[in-house]
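Below, each value reflects all heavy atoms present in this structure, side chains not excepted, and no hydrogens, waters or symmetry copies. Note that this is a predicted model, so its numbers are computed, not measured. In what follows, chains carry the letters A, B, and so on, assigned in the order in which the sequence lines appear, proteins first and then strands, with residues in each chain numbered from 1.
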Amino acid sequence: MNKLDRNFYEGKTEAVAQALLGMYLVHHVDARPRIGRIVEVEAYLGPQDLAAHSSKGVTARTRVMFGPAGHAYVYQIYGLHYCMNVVTEGATGTAVLLRALEPVENLPERTQGPALLCKAMQIDRRQNGMDLLSETFYIARPDESPSFTIVRRPRIGVDYAGQWARRLLRFYVRGNPFVSRA
DNA sequence: CTCGGGATGCGT
DNA sequence: CGCATCCCGAGG
């Protein structure tokens with residue numbers, strides 16, 4: 001496994017989103033690595049993207065989105081769930097939401113959906129703002145990855161975002177059983 | 001300060 | 001389709 005470097009995250013958001021498919025998300029909890037293969041993501045393109053939290057500008061909540069690439073933006077939703085994003089580009093308010101994992105090591109079976117992903121990986125507000133170049137929380141390229149086809153679809157749950165809701169910014173691995181809402 | 005609603009998941 | 005459950009961001 002090869003940990004992704006800063007340069008990877010600084011790429012254009014749509015490209016980074018697609019490149020994250022097949023990568024391994026790793027979180028060491030109690031000295032045991034929880035590992036999942038990323039199989040579904042969504043790109044959020046910055047302040048002009050009405051579906052993105054950064055469309056509200058820089059606030060206490062979106063501060064991390066406007067920070068350096070390669071950090072985790074974790075937020076609470078509906079009062080009880082968490083969702084994790086990877087900040088991209090750099091100080092641009094852009095990010096990629098991680099929506100589903102295929103369990104690889106030390107994970108429960110239910111990892112399909114952004115909140116289940118966080119629950120399985122034990123990710124919550126404590127990980128907000130963490131640098132993904134750390135020793136215990138990072139994303140890595142596996143030594144070998146099976147080839148796959150990427151499917152593009154509209155993002156989930158952003159109907160309020162007008163024309164932005166129609167953009168094909170959700171990407172997933174075709175045929176993978178862990179993709180949410182098949 | 002109040003208040004409306006949300007990048008979800010689960011049960012009915 | 002309703003609900004849990006909390007905090008963000010807007011407005012007074």
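- Residue pairs that meet the side chain to side chain donor-acceptor pair (under 3.5 Å) test with at least one member in residues 18-32 of chain A, sequence neighbours left out, are A:Arg32-A:Asn106.
- As rounded to whole Å, 17 Å separates atom P of B:dT8 from atom NZ of A:Lys119.
- Consecutive Watson-Crick or G-U pairing (both distances under 3.5 Å) extending over three or more pairs maps onto DNA chain C as B:1-6 with C:6-11, B:8-11 with C:1-4.
- Partners of A:Tyr75 under the ring-ring contact (aromatic ring centres under 6.0 Å, His included) rule, at least two apart in sequence or in another chain, are A:His53, A:Tyr73.
- By the side chain to side chain donor-acceptor pair (under 3.5 Å) test, A:Asp131 is found to be paired with A:Arg6, residues two or more places apart in sequence or in another chain being considered.
- For A:Tyr44 and B:dA7, the OH to C1' distance is 4 Å, given to the nearest whole Å.
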* Asked: Which letter, B, S or -, goes with each nucleotide of nucleotides 5-12 of chain C from 5' to 3', with contact meaning a protein heavy atom under 4.0 Å?
  -> BBSSSS--

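- Across the protein-nucleic acid pair, A:Leu117 atom CG and B:dA7 atom C1' stand 13 Å apart, rounded to whole Å.
- Separating the CE atom in A:Met84 from the CE atom in A:Met121 is a distance of 8.0 Å, to the nearest 0.5 Å.
- Taking a 4.0 Å limit (strictly below) on heavy-atom distances, residues 91-101 of chain A reaches DNA chain B at A:Leu97, A:Arg99.
- If you check every strand for non-hydrogen atoms under 4.0 Å, A:Ala51 touches a base.
- Every residue meeting the side chain to side chain donor-acceptor pair (under 3.5 Å) condition with A:Arg166, not counting sequence neighbours, appears here in chain and number order: A:Gln163.
- Taking atom OH of residue A:Tyr75 and atom P of nucleotide B:dG6, one finds them 12 Å apart after rounding to whole Å.
- Applying the side chain to side chain donor-acceptor pair (under 3.5 Å) rule to pairs touching residues 88-97 of chain A yields A:Thr13-A:Thr88, A:Thr13-A:Glu89, A:Thr13-A:Thr94, A:Thr88-A:Thr94, A:Thr92-A:Thr94, sequence neighbours excluded.
- Applying the salt bridge (Lys or Arg N to Asp or Glu O under 4.0 Å) criterion to A:Lys3, with sequence neighbours excluded, gives A:Glu135.
- Here side chain to side chain donor-acceptor pair (under 3.5 Å) pairs that include residues 143-152 of chain A, with residues two or more places apart or in two chains, are A:Glu14-A:Arg152.
- Judged as a side chain to side chain donor-acceptor pair (under 3.5 Å), and not counting sequence neighbours, the contacts of A:Asp124 are A:Arg126.
- Per the geometry, CZ belonging to A:Arg170 stands 13 Å off C1' belonging to B:dT8, to the nearest Å.
- One atom, CZ of A:Phe171, and another, P of B:dA7, lie 19 Å apart when rounded to the nearest Å.
- Shortest non-hydrogen contact noted between A:Val16 and A:Tyr9 is CG2-O, 4.1 Å.
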Validation: residues 33-40 of chain A side-chain donor-acceptor distances under 3.5 Å, sequence neighbours left out:
| unit_1 | atom_1 | unit_2 | atom_2 | d |
| --- | --- | --- | --- | --- |
| A:Arg34 | NH1 | A:Ala120 | O | 2.8 |
| A:Arg37 | NH1 | A:Glu102 | OE1 | 3.1 |
| A:Glu40 | OE1 | A:Ser180 | N | 2.8 |
| A:Glu40 | OE1 | A:Ser180 | OG | 2.9 |
| A:Glu40 | OE2 | A:Arg99 | NE | 2.9 |
| A:Glu40 | OE2 | A:Arg170 | NE | 2.8 |
| A:Glu40 | OE2 | A:Arg170 | NH2 | 2.9 |
| A:Glu40 | OE2 | A:Ser180 | OG | 3.0 |

